[in-house]
2 protein chains.
Amino acid sequence: MSKKDQITKERILNEAEALFAKNGYDAVSVREITTAARCNLAAVNYHFGNKQKLYLEVFRARWVPRARRVQEYFMEFLASRDTVSASAVAQALAEAFLKGPLSDDERQRQSQLMTRELIQPTEAFELLAGEVLRPFFKEMADILRPFMPEGLGNEGLALNILSMFSMVIYFNFARVVVSRITGRDYDAAFKDRLIEQIVGFSLNGLGKGKKKGA
Amino acid sequence: MSKKDQITKERILNEAEALFAKNGYDAVSVREITTAARCNLAAVNYHFGNKQKLYLEVFRARWVPRARRVQEYFMEFLASRDTVSASAVAQALAEAFLKGPLSDDERQRQSQLMTRELIQPTEAFELLAGEVLRPFFKEMADILRPFMPEGLGNEGLALNILSMFSMVIYFNFARVVVSRITGRDYDAAFKDRLIEQIVGFSLNGLGKGKKKGA
DNA sequence: ATTTGTATCAAACAAACGTTTAAATGTCAA
DNA sequence: TTGACATTTAAACGTTTGTTTGATACAAAT
């Protein structure tokens, strides 16, 4: 395995990720990927075994590490605050997912790849759920727990997190609709507006103002 | 065009809808559809022209009418209430989309087909947006407007509706994750719990308690 | 009974698909 | 420079794809 190999392998991974995100697994041909990556058709099978394994490797080598970066950004954003609150958690979540460490293209690809797996889970979903989703939800639950009303069980907490999550995901993958309905371009200013919306909408939804606990 | 024809045509539409929803456009072959519909391979091209036009016809003849039924259910649910409020609107929305007039299979197919178009809009999206999304959003905006704070512009109102919409959509198409995170089966009791969650989460998010208007 | 138009059918089409092969080229240590 | 291994290449493999064809079956009307 020389340097040249890694370069080709990485080019394939990059182009495959972009194409799978944009068009979905079945709409993308191996020829399309290798042409975009400027390498021979057989390279996919040589480096990854077959198309399915390449798809899985896109998640292992690209999607999961990026999701980890978002999660780290979320944690650091929270840590940078002097006091943690339910509102700060919502703010951190929205900032991490709508702005955060990823470029705009990366964010869009990330959302598209995940949403495709949510609609129609494949082998990659197990990876996605085990390595990212479950740990992140556990982390969020641990952080939010002290700020929730005493009567709220684990299920209620989980549903609150899912509610916030739904907005964050939706505003990312349904950009076309969001832009169309609001009549605004999906630019930096609009993203700030969306973050404001998510935080504001989540704030009271999370039970703030009703909370009986500390 | 005889009766037998319509029956075959409808069988194709039914099977095509189920398969497109479950596996996506590119993962479904014409042979798969015609086999499931127990008719000849050439039937698709005879009745619909080609595969793409069949896909579009699924939206025209199946998806849009069902969406209209959901919308009607939403309106009737609201009308049955003696007093309309922001909370009643959230309740009606959640009821219409999570229970409502559709069977569970229909609801799942509806969500999957729409979400696929949200990720990756095709020709069908224009139909979906023009015939259903836009009118429904306008209707919701008109109903909700009086209950919103005076300072809230049209954009803020649109974002509030989108926020509610995101939960309703997400809880429908990401059933696998929702079930996995909460550890509950997606049965009738759980749907009631989800409706409760959406209504509760939306309630204050909509500005109730903060509203300055009537 | 014959005509007319519609619907179904088996068969075939070229094109594109994922994957495999074996030869050619490149890389680097001995 | 030689040898061993890693990578790239063009070509071909057998399937499957969407679509078309022309013959056949069926229905209702003349």
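Sequence lines set the chain letters: A, B, ... in the order given, protein chains first and strands last, and positions in each chain run from 1. Heavy-atom basis, side chains included; hydrogens, waters and symmetry copies ignored. Predicted model, so just to flag it, every value in this text is computed and none were measured.
- The N45(A) side chain lies nearest to dT19(C) when the options are dT9(D), dT6(C), dT19(C).
- Spacing between atom CD1 of I33(B) and atom P of dT19(D) amounts to 10 Å, rounded to whole angstrom units.
- The CG-P distance, from L19(B) to dT17(D), rounds to 12 Å in whole Å.
- For T8(A), taking side-chain heavy atoms from C-beta onward, the closest of the listed nucleotides dT6(C), dC9(C), dT8(D) is dT8(D).
- N50(B) places its CG atom 5 Å from the P atom of dT19(D), with the value rounded to the nearest Å.
- Taking the six-membered ring where tryptophan is involved, the planes of W63(B) and F59(B) are tilted, since the angle between them lies from 30° to 60°.
- Listed nucleotides dA12(D), dT8(D), dC9(C) differ in distance to R31(A); the shortest reach to its side chain belongs to dA12(D).
- The residues R60(A) and E57(A) are annotated as salt-bridged, a charged nitrogen and a carboxylate oxygen being separated by less than 4.0 angstrom.
- As rounded to whole Å, 15 Å separates atom P of dG26(C) from atom OH of Y46(A).
- Rounding to whole angstrom units, CZ of residue F20(A) and C1' of dG18(C) are separated by 12 Å.
- For N40(B) and dA10(C), a side-chain-to-base donor-acceptor distance below 3.5 Å is present, hydrogens and geometry of angles not being considered.
- Taking the side chain of C39(B) as heavy atoms from C-beta on, and the options dT19(C), dT19(D), dC9(C), the nearest nucleotide is dC9(C).
- Distance K53(A) NZ to dT20(C) C1': 14 Å, rounded to the nearest Å.
- A centroid separation of less than 6.0 Å is found between the aromatic rings of F20(B) and Y55(B).
- Here dT19(D) is the nucleotide among dT19(D), dT8(C), dA12(D) with the atom lying nearest to any side-chain atom of V30(B).
- Sorted by first then second residue, the salt bridge (charged side-chain N to carboxylate O under 4.0 Å, His left out) pairs that include residues 159-187 of chain A, not counting sequence neighbours, are D104(A)-R175(A), R180(A)-E126(B), R184(A)-E155(B).
- Mapping R38(B) and S29(A) onto DNA chain C via the closest heavy atom, the residue that lands nearer the 5' end is R38(B).
- Annotation: F97(B) is in aromatic contact with F165(B) [ring centroid separation under 6.0 Å].
- Whole-Å rounding puts the H47(A) NE2 to dT7(D) P distance at 6 Å.
- Comparing dA11(D), dG18(D), dT20(D) against the side chain of A42(B) picks out dT20(D) as the nearest.
- In this structure, N23(A) places its CG atom 17 Å from P of dA16(C), rounding to the nearest Å.
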